[in-house]
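Structure first, then comments.
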Amino acid sequence: MAIRKAVKGTAVLASGCLVAFYGLTQLTEYRKKQARLSHVEAVEQVNMAFQDELPSRQAQLTALRNNQEFDVLVVGGGATGSGCALDAVTRNLKTALVERDDFSSGTSSRSTKLIHGGVRYLQKAIVKLDYEQYMMVKEALHERSNLLNIAPHLTALLPIMLPIYKWWQLPYYWAGIKIYDLVAGAQCLKSSYILSKTKALELFPMLKRDKLVGAIVYYDGQHNDARMNLAIALTAARYGAAIANYTEVVHLLKRVDPQMGKERVCGARCRDVITGQEFDVRAKCVINATGPFTDALRKMDDKKNPNICQPSAGVHIVIPGYYSPDNMGLLDPATSDGRVIFFLPWEKMTIAGTTDTPTEITPHPIPMEEDINFILTEVRNYLSPDVEVRRGDVLAAWSGIRPLVTNPNSKDTQSICRNHIVHISDSGLVTIAGGKWTTYRSMAEETLDAAVKAHNLPAGPSKTVGLMLEGAKDWTPTMYIRLVQDYGLEVEVAQHLASSYGGRAYEVAKMAHVTGKRWPIVGKRLVSEFPYIESEVQYAIKEYACTAIDVIARRTRLGFLNVQAAEEALPRIVDIMGKQLTWSEQRKREELAAAKQFLYYEMGYKARSEQLTDTSEITLTPAEVGRYMKRFHKFDKENKGFITTVDVQRVLESINVYIDADTLHEILNEVDLNKNGQVEFNEFLQLMSAVKKGQVSANRLAILMKTAEQSLDQTEKPVSVDRSGGGV
């Protein structure tokens, strides 16, 4: 068996060498091209005004309504749509963009957070000698380098470890990763390298050591996907594009072309989702960049158009940061069902994913429990038995819909297109679909090239290679120090602001309120354990945030990092937004309810809360039940069979611990399964059983009662005669 695998590996390696040879023949030409592009100051090519002050959303809507005709109207505010708008406006085309929800509200905010060429695609290209996949990886690696350069504050290099558990795999994977470096050419981030077993465990101590042979480390990029998407859209707005979120297309506008005698798309009837007002946006060219909703707009153009989108759900989970090193990711190249799992540090947490399962198209995808458990199982396979991977440690989970597409230009319309497609309908609607996050810029360039040609638009070539994005201009790796020194912010908060807003972080700092403490001087946190501060909510409104969901999900990433912390921050977020946007009390209640529903369904709160229900099985030993009964009775002095906030408050006060009534109510409500305002003994046992099984972790009531019991036992302990000083 081992010999067979080695032979197979050698054959594959030979194939890889052929690809490597081809790569070498192209390397000179490629390096010349990239050297030329890297020395181009893109901003000097863009001969247009740059607005230092962003127009308000209302001003953007007015521009959409009052402009007689745009050159380009982009429908969709994800990475690709925003990229198309930026590409168009920097070609001096009069550009508009509308998005039904918020910028990056769909797939673009729910990625693996990697900027990468795709190691697994390169493996397929080598094994199958697939030139198309090879070129897809090559293009993505070029775009990876560009993205790291144009948004340095939002991106970072990330070493990713590939653990090896069989000797024959070491040369096989090493050759593949080296080819990955070679294909990147002059834009290789850092050279990959091999680690011994000892060194691998030193760098990734959580790794399973049994049968570990060694590891290979390679480099890719990582980014804050939602903020990156927003940076692209805001950059387009600063160059003059009229962009508006919460503006949906009701139907496409058409007119008869007098020369061709055919109907041509000439704009769209739009509706402001917030006010309900409708208006027409006329444009010479309409671009469909709606991701998973591609077919909906195509059918507005022609009801007979077949569906080309075949959606696939990718679920990710977030677990505490202690599951992985601060600066080392992990790649499982072959899971139990043949998929790939990434295990990566992100925003001081650990992100794991993704799955790849067929799904229905929906604006509100929900992470399923079986997908969460699949990821946890795969993670357990690679971590040391000493590390207990618990279901209760899942702090957030989300599902993103990947818009795989079939090519309508192909005779075989059933085959999935591995890359992206650009299609122009008979009526002139330009559709860009498929692709991946990393290649958004080249996809936008290709789309605009096709649009310019098809609609005879007055534009030259793309100018977005090297064009710095929002916040990149004045950013430096040490600018956070100035934020600390000049404004009196905490170091962690200053680092967060610098990495999220780049040079615009100073504007956020200026808005920060005085804390009234000796330190930090300014910057009140929304929740204690995360560096998000209240002034970010105010600044989010300048960045077109219209709802509380926009703030917790995309202006900050709190909802993606910890659903309970996000829920805790919501009342304050709603209060701040309410004052800025003059919301009524009714609107505040609606915003709070909508945001909680978003966390409950789309961010995994529902799946998390279902780990403890009134039907949960109790799997405790008699000794454990006795121990927990004793603990419960410390609070239930009257043997009522239940405890309330009054009982808990009384015990806490006896040990000089004071918690306000609202917080206590929240703590008990997490365990009050039948929602009757009290915690019965059976509910308490269900909680402790779930804690024992790892389904629930860091539960506040469980920790509070255990701590209180220990304090009570300490105070109730009888004092010995010798310690008391004697007596008769």
Side-chain angles (χ1 to χ4, degrees), residues 110-114 116 118-121 123-124 158-166 169 172-173 176-177 200-201 203-218 220 222 312-325 328-346 349-359 365-402 560-561 603-604 607-608 610-611 693-695 697:
R110 303 171 190 233
S111 73
T112 312
K113 322 303 178 196
L114 284 177
H116 63 135
V119 172
R120 67 184 185 277
Y121 297 128
Q123 182 186 25
K124 291 177 183 176
L158 180 68
I160 300 176
M161 183 182 290
L162 181 64
I164 305 297
Y165 287 91
K166 294 178 181 176
Q169 291 178 335
Y172 173 74
Y173 283 121
I177 294 296
L201 290 170
L203 292 175
F204 208 117
M206 308 85 176
L207 203 59
K208 183 175 72 176
R209 62 177 60 235
D210 187 35
K211 297 182 180 178
L212 181 67
V213 172
I216 300 167
V217 174
Y218 72 97
D220 260 325
Q222 189 176 47
S312 172
V315 172
H316 294 81
I317 64 172
V318 169
I319 50 182
Y322 54 70
Y323 274 98
S324 65
M328 180 68 75
L330 187 74
L331 168 63
D332 177 356
T335 62
S336 56
D337 65 352
R339 290 182 281 192
V340 171
I341 288 284
F342 285 99
F343 190 66
L344 312 167
W346 182 66
M349 296 294 178
T350 301
I351 182 174
T354 177
T355 59
D356 185 7
T357 52
T359 187
I366 298 171
M368 304 306 291
E369 185 63 25
E370 56 263 35
D371 289 324
I372 294 172
N373 285 324
F374 166 78
I375 295 171
L376 289 172
T377 299
E378 296 302 326
V379 167
R380 288 187 189 101
N381 291 339
Y382 270 83
L383 295 189
S384 166
D386 296 341
V387 180
E388 185 185 357
V389 181
R390 304 178 298 181
R391 174 61 182 84
D393 283 338
V394 177
L395 304 173
W398 67 85
S399 176
I401 299 178
R402 186 181 176 207
F560 279 77
L561 293 169
M603 290 294 108
R608 180 183 174 92
E610 285 176 350
Q611 299 307 303
K693 289 184 283 189
Q695 295 172 327
S697 63

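Along the sequence shown, residues carry numbers from 1.
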- [ ] Determine whether Pro325 and Leu203 make a side-chain contact, defined as any pair of heavy atoms from C-beta on separated by less than 4.5 Å.
- [x] no

Task: Glu369: partners by side-chain hydrogen bond (donor to acceptor under 3.5 Å, both in side chains), with sequence neighbours left out - done: Asn373, Arg391, Gln611

- [ ] Specify the closest pair of heavy atoms between Ala397 and Ile317, including all atoms of both residues, with the distance to one decimal.
- [x] CB-CG2, 4.0 Å

TODO: Can you sort out the partners of Asp371 under salt bridge (charged side-chain N to carboxylate O under 4.0 Å, His left out), two or more places apart, ordered by chain and number?
DONE: none

- [ ] Could you tell me whether the side chain of Leu158 reaches within less than 4.5 Å of the side chain of Leu114, counting heavy atoms only?
- [x] yes

Task: Pair listing, salt bridge (charged side-chain N to carboxylate O under 4.0 Å, His left out) test, anchored in residues 205-216, at least two apart - done: none

Open item on the list: If you define the side chain from C-beta out and look only at heavy atoms, does anything of Phe374 sit under 4.5 Å from Ile341?
Closed with: yes

Open item on the list: Within the 4.5 Å heavy-atom criterion, are Phe343 and Phe204 side-chain neighbours or not?
Closed with: yes

TODO: May I ask you to test the Phe342-Ile351 pair for a side-chain heavy-atom distance under 4.5 Å?
DONE: no

Task: Side chain to side chain, Tyr173 and Val119, heavy atoms closer than 4.5 Å - done: no

- [ ] Measure across Ser697 and Arg390 and return the closest heavy-atom pair with its distance rounded to 0.1 Å.
- [x] CB-NH2, 3.4 Å

Open item on the list: Using side-chain heavy atoms (C-beta onward) and a distance below 4.5 Å, is Arg110 in contact with Phe560?
Closed with: yes

Task: Between Gln123 and Tyr172, a side-chain donor and acceptor under 3.5 Å - done: yes

